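Because the structure is predicted, anything quoted here is derived from the model rather than measured. The residues of the chain are indexed from 1 along the displayed sequence.
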Amino acid sequence: MPKFLPSVLETERLILRPLTIDDLNAVFKWTGDPRVNKYMIYPLYKSAEDGREWLESLYEDEKKLDYGFVLKSTGELIGSGGLYFHENIDVWSVGYNIAYDHWHNGYTPEAIKRILKYAQEKYGVHVMAGTFAVGNEGSRRVMEKLGMTFYEDTEYSKLDGSETFKAKTYRKVF
């Protein structure tokens, strides 16, 4: 299957680039950290190799824009995220992760705003939505910084069924 690699993007402090298998160890910094994983849909990774299947599955759909967040100042991969189109409801969902040591620096909204601009130029995004667990104040703040507001109460479960969270969906209509 052909890969659809999104264009490399830049912000003031970040380079946003496609992820590769070479990023396994860096990705494990957040996917294997229980503080970061607490509200994530995926189970806690026990080793860097746990990320192989996910990384290999990326870029099979042109409208799933996954990016690694790289600090310009150090070249360190500190997180990932992007936008994913749901054709059946004509909505782009937002998702992101960032290494714990880089929380509270504004990197996530900075990255997502740039990815959104790219997606709007290329695909004409009309609606962006995101869901976060009640109690995940960091994600709520990110979505508010993106101009999103409350849409509905909902819930979601981890992929392995180990936990279900009461959640809120925020959205923005353009």
Inset, instruction - Kindly indicate whether the side chain of L14, heavy atoms from C-beta on, has any atom under 4.5 Å from the side chain of L71. - result: yes
Legend entry - Within one Ile-Leu-Val-Met-Phe-Trp-Tyr cluster: V94 and V91, side-chain cutoff 4.5 Å: no
Legend entry - ILVMFWY cluster, M143 and V127 together (side-chain gap under 4.5 Å): no
Inset, instruction - Nearest 0.5 Å please: distance from the NZ atom of K113 over to the OG1 atom of T108. - result: 11.5 Å
Legend entry - Nearest non-hydrogen partners of Y123 and E62, listed with the distance: OH-CG, 2.9 Å
Legend entry - Proximity of Y170 and F132 rings by center, below 6.0 Å: yes
Legend entry - Point-to-point distance, once rounded to the nearest 0.5 Å, from CD1 of I21 to CZ of R52: 5.0 Å
Legend entry - Atom pair CG (L83) and OH (Y118), whose distance is rounded to the nearest 0.5 Å: 11.5 Å
Legend entry - Check: Y96 side chain, S139 main-chain N or O, donor-acceptor pair, under 3.5 Å: yes
Inset, instruction - Flag yes if more than 12 heavy atoms outside K72 fall under 6.0 Å of its NZ atom; otherwise flag no. - result: yes
Inset, instruction - Verify side chain to side chain contact (heavy atoms under 4.5 Å, CB included) between D101 and K29, making sure each step is shown before the conclusion. - result: CA-CA 10 Å; D101 292 345; K29 288 180 194 171; over 6 Å; no
Legend entry - Pairwise distance CD(E163) to OH(Y156) - rounded to 0.5 angstrom: 8.5 Å
Inset, instruction - For atom CD of E137, decide whether the heavy atoms of other residues, nucleotides or ligands shown that lie under 6.0 angstrom number more than 12. - result: yes
Inset, instruction - Could you tell me whether the side chain of K3 and the main chain of L58 form a donor-acceptor pair under 3.5 Å? - result: yes
Legend entry - W30 CH2 to I78 CD1 distance, which is reported to the nearest 0.5 Å: 8.5 Å
Legend entry - Path from F85 to V125 over hydrophobic side-chain contacts below 4.5 Å: yes
Legend entry - R140 bridged to E144 by N-O distance under 4.0 Å: yes
Legend entry - T164 versus S157, closest heavy-atom pair with distance: OG1-OG, 2.6 Å
Legend entry - Least distance between heavy atoms, P34 atom then L44 atom: N-CD1, 3.7 Å
Legend entry - Other residues, nucleotides, ligands: >12 heavy atoms within 6.0 Å of Y100 OH: no
Inset, instruction - Answer whether the closest heavy-atom distance between the side chains of K63 and W92 falls below 4.5 Å. - result: yes
Legend entry - Exam field: side chain E110 to backbone T11, donor-acceptor pair closer than 3.5 Å: no
Inset, instruction - Kindly determine whether L146 and K172 satisfy side chain to side chain contact (heavy atoms under 4.5 Å, CB included), including the steps that lead there. - result: CA-CA 8 Å; L146 295 171; K172 182 175 182 175; over 6 Å; no
Legend entry - V134-F150 co-clustered via ILVMFWY side chain contacts under 4.5 Å: no
Legend entry - Enclosure of E121 CD (heavy-atom neighbours >12, cutoff 6.0 Å): yes
Legend entry - CG-CZ distance between L9 and R114, expressed to the nearest 0.5 angstrom: 4.5 Å
Legend entry - Backbone of D66 reached by a side-chain donor or acceptor of Y84 within 3.5 Å: no
Legend entry - Side chains of Y67 and L19 in contact at under 4.5 Å (non-hydrogen atoms): no
Legend entry - Y45 and N37: side chain donor to acceptor below 3.5 Å: no
Legend entry - Non-hydrogen atoms of N25 and A48 that approach each other most closely: OD1-CB, 3.3 Å
Legend entry - Which atom of L65 lies closest to which atom of A119, heavy atoms considered: CD1-CB, 3.8 Å
Inset, instruction - Tell me whether the centres of the aromatic rings in Y42 and W54 are closer together than 6.0 Å. - result: no
Legend entry - Path from V173 to I112 over hydrophobic side-chain contacts below 4.5 Å: no
Inset, instruction - For Y151, look at atom OH and say whether over 12 heavy atoms of other residues, nucleotides or ligands are found less than 6.0 Å away. - result: no
Legend entry - Candidate pair I98 and V36, rule side chain to side chain contact (heavy atoms under 4.5 Å, CB included), full reasoning: CA-CA 7 Å; I98 194 162; V36 176; over 6 Å; no
Inset, instruction - Answer yes when D160 and K158 have at least one side-chain N-carboxylate O distance shorter than 4.0 Å, and no when they do not. - result: no
Legend entry - Heavy-atom donor-acceptor pair, N105 side chain to H102 backbone, under 3.5 Å: yes
Legend entry - Heavy-atom pair of closest approach, residues A133 and Y39: CB-CD2, 3.3 Å
Legend entry - Verdict with supporting geometry, M148 and M128, side chain to side chain contact (heavy atoms under 4.5 Å, CB included): CA-CA 8 Å; M148 300 167 73; M128 177 175 66; 3.6 Å; yes
Legend entry - 4.5 Å side-chain heavy-atom contact, T31 and D50: no
